[in-house]
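Structure record follows, encoded as structure tokens.
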Amino acid sequence: LSQFLKQLGIHPDWQFVDVYGMEPELLSMVPRPVCAVLLLFPVTEKYETFRTEEEERIKAKGQDVKSSVYFMKQTINNACGTIGLIHAIANNRDKMNFETNSSLKKFLEDSLSMTPEERAKYLETYEAIRVTHESSAHEGQTEAPSIDEKVDLHFIALVNVGGHLYELDGRKPFPINHGETSDDSFLEDAIEVCKKFMERDPEELRFNAIALSAA
């Protein structure tokens, strides 16, 4: 993933690091500050049921989402890693150091005023990012899962925008506000959200959290 950042024209001031465990001593090994957490998780029946209920609940109750949250829908199959990455970078773009000719910088500038659906459509036409994603996706597959394991692994991004922790998932109709956070407590707060995903599927082992940390 850090290689991917380089290809997209982002200076290496930030790096992706694996979070090896959710316990405080393992979290203390992650370089700070952390500006985003990506969670890779299996889409199971339990999760899909939860997702539907969560959507209904939020539609009924409403939630507070700041207009400054950059959110995009996912229309390309298997692009959840790319979209997770765009969500992570887009919501921290003031902290990023872009090369002048960065394809991602141009994509973000062009799409800032678009709706989440328009951003998805724009990504479909945006070769520079898609091609980079596809080449890095193939490199990353050391062990391809067997065909009969119809497992859908999905990436989401957790970010802090204006002191609130948002979950950004292009398969959902809107960002999910998980409550207040701060720069100092962000990693711990994001990991609490990750734990909820894991608790919903206790027999599942394929969860992986990756932090976007200061290099």
Side-chain angles (χ1 to χ4, degrees), residues 1-44 47 74 78-93 95-98 104 129 132-146 149 151-161 165-171 175-176 178 181-215:
L1 271 175
S2 292
Q3 187 53 35
F4 190 27
L5 288 185
K6 207 170 119 192
Q7 288 170 309
L8 290 172
I10 297 173
H11 284 285
D13 315 337
W14 294 88
Q15 59 182 356
F16 280 105
V17 296
D18 285 315
V19 177
Y20 289 112
M22 311 276 168
E23 299 77 35
E25 60 275 18
L26 289 169
L27 291 182
S28 69
M29 291 161 62
V30 177
R32 312 286 173 124
V34 169
C35 70
V37 169
L38 293 178
L39 177 68
L40 181 67
F41 65 96
V43 174
T44 61
Y47 175 71
Q74 179 178 340
N78 299 334
C80 57
T82 305
I83 289 177
L85 185 91
I86 292 173
H87 278 147
I89 302 295
N91 288 291
N92 288 292
R93 55 189 180 279
K95 302 185 182 84
M96 299 292 146
N97 215 329
F98 293 96
L104 186 54
I129 293 178
T132 311
H133 157 75
E134 281 156 15
S135 64
S136 64
H138 295 309
E139 282 164 27
Q141 285 166 345
T142 38
E143 294 172 54
S146 63
E149 269 195 287
V151 182
D152 207 2
L153 288 175
H154 189 56
F155 259 112
I156 57 162
L158 298 164
V159 296
N160 168 11
V161 179
L165 198 161
Y166 292 97
E167 169 193 334
L168 304 172
D169 177 349
R171 289 175 71 227
I176 311 289
H178 283 285
T181 189
S182 69
D183 289 344
D184 291 339
S185 67
F186 172 71
L187 177 61
E188 283 71 18
D189 296 339
I191 291 303
E192 284 308 312
V193 174
C194 296
K195 283 180 184 168
K196 287 185 190 140
F197 277 77
M198 296 167 81
E199 283 157 12
R200 280 193 290 269
D201 263 310
E203 63 286 351
E204 263 296 346
L205 297 172
R206 285 157 308 188
F207 288 93
N208 192 4
I210 302 161
L212 184 52
S213 289

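In this structure, the separation between CG on Leu168 and CG on Leu38 is 10.0 Å, given to the nearest 0.5 Å. The CZ atom of Phe207 lies 5.0 Å from the CG atom of Asp201; values are rounded to the nearest 0.5 Å. Of the inter-residue distances, the one linking Leu5 atom CG with Leu104 atom CG reads 8.5 Å to the nearest 0.5 angstrom. Interatomic distance, Ile156 CD1 to Phe197 CZ, rounded to the nearest 0.5 Å: 3.5 Å. Taken from CD1 in Ile191 to CG in Leu27, the straight-line distance is 5.5 Å, to the nearest 0.5 Å. Note that CG of Leu158 and OH of Tyr166 are 13.0 Å apart. Values are rounded to the nearest 0.5 Å.
Between Pro42 and Arg206, the closest heavy-atom pair is CD-O, 3.0 Å. The shortest heavy-atom contact between Ala157 and Ala88 is CB-N, 4.2 Å. Closest of all the heavy-atom pairs between Ala215 and Pro12 is CB-O, 3.3 Å.
Of the possible polar contacts, one joining the Asn92 side chain to the Cys35 backbone as a donor-acceptor pair under 3.5 Å is found. Here the side chain of Ser185 pairs no donor or acceptor atom with the backbone of Glu188 at under 3.5 angstrom. For the pair Thr181 (side chain) and Asn160 (backbone), a donor-acceptor distance under 3.5 Å is absent.
Leu187 has its side chain within reach of Val37: a pair of non-hydrogen atoms, C-beta onward, lies under 4.5 Å apart. Side-chain contact between Val43 and Arg171 is present, with heavy atoms from C-beta onward closer than 4.5 Å. Within the 4.5 Å cutoff, no side-chain heavy atoms of Pro175 are placed close to those of Val159. At least one side-chain heavy atom of Leu212 sits under 4.5 Å from a side-chain heavy atom of Ile89. Looking at Pro33 and Asp183, their side chains never come closer than 4.5 Å, going by heavy atoms from C-beta outward. A 4.5 Å side-chain heavy-atom check between Phe186 and Leu165 finds at least one atom pair inside the cut-off. No side-chain heavy atom of Leu8 sits less than 4.5 Å from a side-chain heavy atom of Phe98. The closest side-chain heavy-atom distance from Pro31 to Gln15 is below 4.5 Å.
Summarising the local packing, NZ of Lys95 is surrounded by more than 12 heavy atoms from other residues, nucleotides or ligands at distances under 6.0 Å.
Note: Tyr47 and Phe41 have perpendicular aromatic rings, judged against thresholds of 30 and 60 degrees for the angle between ring planes.
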**Message:** Working note: His154 + Asp169, criterion side-chain hydrogen bond (donor to acceptor under 3.5 Å, both in side chains); need CA distance, chi angles, decisive distance, verdict.
**Reply:** CA-CA 9 Å; His154 189 56; Asp169 177 349; 2.8 Å; yes
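Between Lys196 and Glu199, none of the side-chain N atoms (NZ, or NE/NH1/NH2) sits under 4.0 Å from a carboxylate O, so this pair counts as no salt bridge.
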